[in-house]
S.K.: 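Please see the structure below; I have some questions.
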Amino acid sequence: DAGITQSPRHKVTETGTPVTLRCHQTENHRYMYWYRQDPGHGLRLIHYSYGVKDTDKGEVSDGYSVSRSKTEDFLLTLESATSSQTSVYFCAIRETGGLSEQYFGPGTRLTVT
Amino acid sequence: KQEVTQIPAALSVPEGENLVLNCSFTDSAIYNLQWFRQDPGKGLTSLLLIQSSQREQTSGRLNASLDKSSGRSTLYIAASQPGDSATYLCAVSPKEYGNKLVFGAGTILRVKS
C-alpha cells in the first residue's frame, strides 16, 4: 500500500469554524491532490499540488485553500465551514504527471452541523 | 471536455460468474486509464493502470482492456467471488491536463454467494 495517511479520520464541527485536514505521504511523490466524494457527484477535485509551494485549483475550489510547505504534507483548510462542505475528503498522490498511477488515502469524514 | 461514463451503474451476479464492467470516454487523447476499487466507507484502491500505448493489463483474476480509438475500456473479472463486491471506478488522464484524473461515476458490483 502507498504510504498515505490522513488526519483526522473523522471530524464534526460547527458552521463558521475553521477546519484543517492533513495529508501525509512517505513516498516522496511530487503530485498531491484533494478530492471530495458526495453521493450523486462522485469524486471531484478540490485542489492539487505539483511541488512544494506549487498549487492549483480544481473544479470545486471555492471555500477551500491549500498549502504545501514540505514534500510530504498537503493541508486542506476550510476557512469558515458550511453545511455544504459535509463530505468525505480523500487525498491522493502521484509520482509524476499524466503517466503514473494515482494512489489514494483512507479518507476523512467531515460533518459540519 | 473529457467525460467518462460507466455502464452498468449496478450489477448483481451469482458467485462464480465471469463478468465485464464497461467504461467509455469522449476524448481519445489520454495518457492512460486507471481502474479502482472502493469498498464501503474506504478509500480507493488502484487495480490496474493501462498506458495509452497498451491494449491490456492483467492482475490475477482481473483483466483490463483499452481501445483508445473507440474510447472504451473493459474490466473483466473471472470467477467472481463475494469478496469482489465493491464499487469499481475508472478514470482517464487526459493529455489536455494530464496532471488530473477524470472519473466515471462507478459500477456497484454485488456478488451473491
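Quantities reported herein were computed from a predicted structural model and do not represent experimental measurements. Convention: sequence-line order gives letters A, B, ...; per-chain numbering from 1.
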S.K.: Using a strict 4.0 Å threshold on nitrogen-to-oxygen distance, state whether Asp27(B) and Lys95(B) make a salt bridge.
M.R.: no
S.K.: Measure Tyr35(A) against the heavy atoms of chain B and call it side chain, backbone, both or neither at under 4.5 Å.
M.R.: side chain
S.K.: Measuring heavy-atom distances to chain B, does Glu59(A) have an atom under 4.5 Å in its side chain, in its backbone, in both, or in neither?
M.R.: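 Answer is neither: Glu59(A) stays 4.5 Å or more from chain B.
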S.K.: Verify, without hydrogens or angle tests, whether Ser49(A) (side chain) and Asp54(A) (backbone) share a donor-acceptor contact under 3.5 angstrom.
M.R.: yes
S.K.: Please flag which part of Gln38(B) lies under 4.5 Å from any non-hydrogen atom of chain A: side chain, backbone, both or neither.
M.R.: side chain
S.K.: Please rank Thr87(B), Ile30(B), Leu49(B), Leu44(B) by heavy-atom pairs under 4.5 Å with chain A and give me the top one.
M.R.: Leu44(B)
S.K.: Please determine whether salt bridge (charged side-chain N to carboxylate O under 4.0 Å, His left out) holds for the pair Arg68(A) and Asp73(A), giving the CA-CA distance in whole Å, both sets of side-chain angles, and the decisive distance to 0.1 Å.
M.R.: CA-CA 6 Å; Arg68(A) 192 171 178 197; Asp73(A) 290 325; over 6 Å; no
S.K.: Classify the angle between the aromatic ring planes of Tyr50(A) and Tyr48(A) as parallel (below 30°), tilted (30 to 60°) or perpendicular (above 60°).
M.R.: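 Answer is tilted, since the angle falls between 30° and 60°.
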